[in-house]
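Residue numbers begin at 1 in each chain, while the letters A, B, ... track the order of the sequences. The model shown is predicted, which means the values in this text are computed figures rather than measured ones.
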2 protein chains.
Amino acid sequence: MSTHSFTEENYLKLIYALANRGTNEVSTNALAEVTATRAASVTDMLKRLADKELIHYRKYQGVRLTDEGERLALKIIRRHRLWEVFLVDKLGFGWDQVHEMAEELEHIRSDELVERLDTFLDNPQFDPHGDPIPTPAGHMPDAPSQKLADLLPSETACLLGVLDHSAAFLQHLDRSGLTLGCTVNVSEISAFDRSMRVTIPPGQTLFVSYDVARNLLVGPPKP
Amino acid sequence: MSTHSFTEENYLKLIYALANRGTNEVSTNALAEVTATRAASVTDMLKRLADKELIHYRKYQGVRLTDEGERLALKIIRRHRLWEVFLVDKLGFGWDQVHEMAEELEHIRSDELVERLDTFLDNPQFDPHGDPIPTPAGHMPDAPSQKLADLLPSETACLLGVLDHSAAFLQHLDRSGLTLGCTVNVSEISAFDRSMRVTIPPGQTLFVSYDVARNLLVGPPKP
DNA sequence: TCTTTTTTTTAGGCTAATCTAAAAATTTAT
DNA sequence: ATAAATTTTTAGATTAGCCTAAAAAAAAGA
């Protein structure tokens with residue numbers, strides 16, 4: 001019934017995130033980057049995590065989570081996303097304000113707290129940014145993978161999530177009037193800069209740069 | 001805008017608690033006891049807190065909080081008690097289950113979070129154990145000081161709080177049917193063991209040992 | 001292939017928060 | 001008032017998590 005430090009939990013979460021885009025082996029340098037530390041510090045921590053059998057680690061070969069490590073990573077991610085739902089839905093924070101708070105709340109150690117929170121929030125399936133919430137059993141649901149930028153003229157889709165989680169991007173969407181769940185219809189795509197003219201209910205037209213469109217995740221339109 | 005470690009925050013909270021029952025000077029040994037550490041470790045920490053001007057510290061003389069230290073202590077206590085209200089009122093935890101979780105939640109660093117939580121909870125004045133919640137400005141409201149054990153036969157009062165916060169005591173109250181806010185009338189006091197026979201609505205009679213009665217805080221009966 | 005560059009690890013230190021053992025100050029008791 | 005007991009502080013270690021500088025391994029390039 002070991003307990004883990006905040007730092008260890010953060011490493012696991014970040015290894016999971018890095019492994020699930022790109023190759024499955026995560027490099028020391030990549031971790032140094034996302035933890036904002038030095039490679040030597042990462043090596044130190046990797047040894048500790050390997051001792052605890054949370055990662056597979058062979059010198060110079062990069063790391064992979066063990067089953068137990070992945071289970072733990074998903075648990076942290078579940079907590080993080082549920083707390084974000086709480087902060088936005090119950091306390092009225094903007095979706096651009098909650099990341100830092102959730103980074104702290106995700107380390108509160110009580111399984112019963114998390115499950116009661118889940119119930120209190122009516123078992124949400126997605127966090128405020130459209131990221132899927134892992135199940136209590138430790139399964140990560142599939143996330144949408146199609147981007148708004150992938151659509152062709154005249155196609156219609158439902159806005160489901162964001163790839164860029166920065167406050168700047170989220171605030172830009174707020175100012176544009178783009179919200180998750182809204183139906184978007186592509187009316188025109190510029191051949192020059194790939195920017196899009198789209199319409200959203202109730203019949204509003206707006207222009208979306210390629211940089212925005214490739215950071216928006218979409219799925220089939222709601223009926 | 002310095003930030004403080006969990007440990008520092010806990011020391012401040014505990015110094016406040018010890019200072020406000022008994023003398024105002026808190027001893028190294030008393031702190032070693034409540035922090036479950038050794039006196040030598042306490043001395044180390046007192047030096048750090050003194051360097052940060054959060055306490056007045058003179059060797060061998062015990063400590064007192066500075067104004068800034070007390071402000072911080074009250075902030076932590078406010079957070080702790082608001083989170084307890086959340087856990088009980090919103091998530092449905094028992095009042096005997098919430099202390100440990102609140103010990104962690106109290107360290108989440110966001111003033112806006114605390115103030116939004118306060119609003120979400122409808123600005124509660126007391127936590128689930130009847131302890132007053134400090135104001136955002138850093139003022140600790142008066143707590144009731146009269147105990148059930150102080151009442152005389154035929155007197156009536158309202159149950160307002162507990163002095164003993166142990167799960168065992170709280171569960172004992174639950175099993176007895178004693179809840180905060182309920183009206184108690186003392187019908188008889190045993191000269192032998194100071195136990196009380198009391199009645200609570202709707203006309204239920206029960207026996208309360210002196211050990212229980214001196215750990216229950218009461219105030220004037222509700223009309 | 002065999003240098004050169006990049007990545008990763010090792011070696012040795014630092015700080016916060018803890019410890020034990022011993023010394024110093026204070027308090028209590030005779 | 002002085003000896004004994006208690007409390008507090010100092011001295012010196014330990015651990016987690018970080019650092020820099022240097023060595024070693026792997027990858028890239030001519």
Please pick, from [options], the nucleotide with the shortest atom-to-atom distance to any side-chain atom of [X].
X	options	value
B:E8	D:dT7, C:dA17, D:dC18	C:dA17
B:M45	D:dG17, D:dT8, C:dA17	C:dA17
A:Y60	D:dA11, D:dA24, D:dC19	D:dA24
B:R38	D:dC19, C:dT9, C:dT20	C:dT20
A:A40	C:dT9, C:dT18, D:dT8	C:dT9
A:K59	D:dG17, C:dT10, D:dT8	C:dT10

* Asked: Taking atom types as modelled, is there a side-chain donor on B:S195 or B:D193 under 3.5 Å from an acceptor on the other?
  -> yes

For [X], report the nucleic acid contact type (base, sugar-phosphate, nothing); a contact means any heavy atom under 4.0 Å.
X	answer
A:T7	sugar-phosphate
B:T43	base
A:T37	sugar-phosphate
B:Y57	sugar-phosphate

* Asked: Within this structure, what is the CG-to-C1' distance between B:N10 and C:dA16, rounded to whole angstrom?
  -> 15 Å

* **Rounded distance in Å - NE2 (B:H4) to C1' (C:dT15)** => 17 Å

* Structure fact -> Comparing nearest nucleotides in DNA chain D, the 5'-proximal residue of the pair B:Q61, A:A36 is B:Q61

* Are any of A:N29's side-chain N or O atoms less than 4.0 Å away from OP1 or OP2 of C:dT6? -> no

* To do: Give me the ring orientation class for B:W83 and A:W83: parallel if the planes are under 30° apart, tilted from 30 to 60°, perpendicular past 60°.
  => perpendicular

* Asked: Between A:H129 and A:W95, how do the two ring planes meet: parallel, tilted or perpendicular, split at 30° and 60°?
  -> parallel

* Determine yes or no for a side-chain-to-main-chain donor-acceptor pair under 3.5 angstrom, with A:T28 supplying the side chain and A:T43 the backbone. => no

* Structure fact -> Of A:K47 and B:R48, the one whose nearest nucleotide on DNA chain C sits closer to the 5' end is A:K47

* Asked: Mind checking whether A:M140 and A:E70 have side chains closer than 4.5 Å, heavy atoms only?
  -> no

